[in-house]
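Below: the structure, in structure tokens.
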Amino acid sequence: MKLIFAIVNNDDSSSVATSLTAAGFSVTKLATTGGFLKAGNTTFIVGTEDEKVDEVLEVIKAHSRKRTQVMPVTQSFTPGLFSSVPVEVKVGGATVFVLNVERFEKC
């Protein structure tokens with residue numbers, strides 16, 4: 001058995017959740033925040049049999065798209081003088097961790 005943690009952009013979370021559920025997977029959905037961009041994410045937790053991991057990953061990949069977003073970056077030139085420079089960053093897609101489950105119980 002495997003435990004899958006998938007961190008997905010909030011813009012894609014509804015589609016990912018709906019698709020995973022429609023494919024028959026039980027999903028726990030957590031609201032999370034990324035450290036670098038401090039943007040909202042959704043972390044999905046899915047427990048599944050080893051042979052179904054690729055199916056879960058395909059559903060996540062199909063509904064998590066990468067996009068470019070412009071983020072303002074504040075720079076300080078001298079004390080009290082700041083400038084905001086826009087920088088393009090890639091966001092979206094999914095970051096996925098697949099872990100072995102030593103024991104599973106439903107109580």
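Summarising the geometry, atom CG belonging to Asp50 is positioned 7.0 Å from atom CG belonging to Asn100; distances are rounded to the nearest 0.5 Å. The CD1 atom of Ile7 sits 10.5 Å away from the OG1 atom of Thr42 when rounded to the nearest 0.5 Å. The distance from atom CD of Glu51 to atom CE of Met1, rounded to the nearest 0.5 Å, is 10.0 Å.
Side-chain contact between Val96 and Phe5: absent, with no pair of heavy atoms (C-beta onward) separated by less than 4.5 Å. Counting heavy atoms from C-beta outward, Ser64 and Val16 have side chains that approach closer than 4.5 Å. Put simply, the side chain of Leu30 reaches to within 4.5 Å of the side chain of Ile45, judged on heavy atoms.
Nearest heavy atoms, Ser19 versus His63: OG-NE2, 3.0 Å. Residue Val101 comes nearest to Lys2 through the heavy atom pair CG2-C, 3.6 Å, listed as atom of the first residue, atom of the second, then distance. In this structure, Phe44 and Ser13 approach most closely via the heavy-atom pair CZ-O, 3.4 Å. Shown here for Phe97 and Thr95, the closest heavy-atom pair between the two residues is CE1-CG2, 3.9 Å. Residues Ile60 and Ala6 come closest through the heavy atom pair CD1-CB, 3.6 Å. Between Val59 and Ala23, the shortest heavy-atom distance links the atoms CG2-CB, 4.4 Å.
Within the structure, salt bridge (charged side-chain N to carboxylate O under 4.0 Å, His left out) pairs that include any residue of residues 91-107 comprise Arg103-Glu105 (at least two apart or interchain). For residues 3-20, the pairs satisfying salt bridge (charged side-chain N to carboxylate O under 4.0 Å, His left out) are Asp12-Arg67, with sequence neighbours left out. Listed by first then second residue, pairs satisfying salt bridge (charged side-chain N to carboxylate O under 4.0 Å, His left out) with a partner in residues 19-31 number zero, not counting sequence neighbours.
A donor-acceptor pair under 3.5 Å is absent between the side-chain atoms of Asn41 and the main chain of Asn9, judged by distance alone.
Heavy atoms of other residues, nucleotides or ligands lying less than 6.0 angstrom from NZ of Lys52 number 12 at most.
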